[in-house]
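Proteins get letters first, then strands, A, B, ... in listed order; numbering begins at 1 in each. Just so you know, these numbers come straight off a predicted model, no measurement behind them.
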2 protein chains.
Amino acid sequence: MHKSRVYAVLLDTPEPEAAAAFWSAALGAPAHPVPSEEQFTVLHEALPGLVTAVQAVDDTPRLHLDIESDDVEAETQRLLSLGAEQVAQWLECRVLRAPGGHLVCVIPVHSDPDLFESQARTWP
Amino acid sequence: MHKSRVYAVLLDTPEPEAAAAFWSAALGAPAHPVPSEEQFTVLHEALPGLVTAVQAVDDTPRLHLDIESDDVEAETQRLLSLGAEQVAQWLECRVLRAPGGHLVCVIPVHSDPDLFESQARTWP
């Protein structure tokens, strides 16, 4: 058995500064660059219960979800068995394309362990 | 003064049945077609505090946010003044493209009035 939960909504864009300024003002969410991960700008409490962040990408603008799991390999296999396809692997992040065409990343647990334990779903 | 809050995350796709089946299983969220609005399939409690739904579109797959407001015109003008551009109007929904390239829709209040009052932000 393993667990997973939706951890974050990522706003991917090749124009991260413009996006962060807009969404920070639009949602009333202070924008904080992430030290040591300069491609990310977190929008503090922009969405309830989820991390919201702008990510700089050399690609077309898109939103994607990050799913955190205590077993990235098992969670990736679960999503592949549901019809997703792996399109990339970046450090410990598996990038999958879901049926219907949306991207989703599977990442190791990033949230507080107590939060993860209380909110994650358990999969057989 | 007017108020607004993020109401929903929409998964737009030309393959709504495949997307709804995947995301329902992936997130453990029962999928419910919306009576009288057959382009929408709600994923019950897929994300905390937000409506999550698959929307059938004749376009490339994307995610977008819906912002609900008690004054759609004022909220639209606020977002335009922050740099968004209006790209479409569909019934009472204003479709805007934000700086950075993401879509956002401004819609009338859809959530419970008490929920809206307690969670919406007030803008001058």
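Within the 4.5 angstrom heavy-atom criterion, only side-chain atoms of A:L47, from C-beta onward, approach chain B. For A:R78, the part lying under 4.5 angstrom from a heavy atom of chain B is the side chain only. With a 4.5 angstrom heavy-atom cutoff, A:A21 does not touch chain B via any of its atoms. Looking at B:A20, neither its backbone nor its side chain comes within 4.5 Å of chain A, counting heavy atoms on both sides. Heavy atoms closer than 4.5 Å to chain A are found in the side chain of B:R121, but not in its backbone. Residue A:L27 touches chain B through both its backbone and its side chain, counting heavy-atom pairs closer than 4.5 Å.
Contact count versus chain A (heavy atoms, under 4.5 Å) is highest, among B:A46, B:A98, B:P16, B:G83, for B:A98. The most heavy-atom pairs under 4.5 Å with chain B, out of A:I67, A:D12, A:L103, A:T60, come from A:D12. Interface remark: of the candidates A:A18, A:P48, A:A19, A:P48 forms the most heavy-atom pairs closer than 4.5 Å to chain B. Taking B:P61, B:G49, B:G101 one by one and counting their heavy-atom pairs under 4.5 Å with chain A, the maximum is reached by B:P61. Note: A:L79 leads A:V6, A:V9, A:V54, A:L79 in heavy-atom pairs under 4.5 Å with chain B.
In B:Q39, the CD atom is crowded: over 12 heavy atoms of neighbouring residues, nucleotides or ligands sit closer than 6.0 Å. Around the CD atom of A:Q86, the shell of radius 6.0 Å holds more than 12 heavy atoms that belong to other residues, nucleotides or ligands. Applying the 6.0 Å contact sphere to CD of A:E85 captures no more than 12 heavy atoms from other residues, nucleotides or ligands. Within a 6.0 Å radius of NE2 in A:H32, more than 12 heavy atoms belonging to other residues, nucleotides or ligands are found. By the neighbour-count criterion of 12 heavy atoms within 6.0 Å, atom NE2 of A:H110 is densely surrounded, having more than that number from other residues, nucleotides or ligands.
Taking hydrophobic clusters as Ile, Leu, Val, Met, Phe, Trp and Tyr residues chained together by side-chain heavy-atom distances below 4.5 Å, B:I107 shares a cluster with B:V51. Residues B:L82 and B:L96 are members of one and the same hydrophobic cluster, defined by side-chain heavy-atom contacts under 4.5 angstrom among Ile, Leu, Val, Met, Phe, Trp and Tyr. A continuous path of ILVMFWY side-chain contacts below 4.5 Å connects A:L80 to A:V72, so both sit in one hydrophobic cluster. Residue A:L43 is not grouped with residue A:V34 when hydrophobic side chains (ILVMFWY) are merged at heavy-atom distances under 4.5 angstrom, including chains of intermediate members.
Separating the NE2 atom in B:H102 from the CH2 atom in A:W23 is a distance of 8.0 Å, to the nearest 0.5 Å. For the atom pair CG of A:L11 and CG of B:L65, the computed distance is 6.5 Å after rounding to the nearest 0.5 Å. Taking CZ of A:R62 as the reference point, atom CG of B:L63 lies at 11.5 Å (rounded to 0.5 Å).
B:A25 and A:W123 make their closest contact through O-CH2, 3.8 Å (heavy atoms, listed as atom of the first residue, atom of the second, distance).
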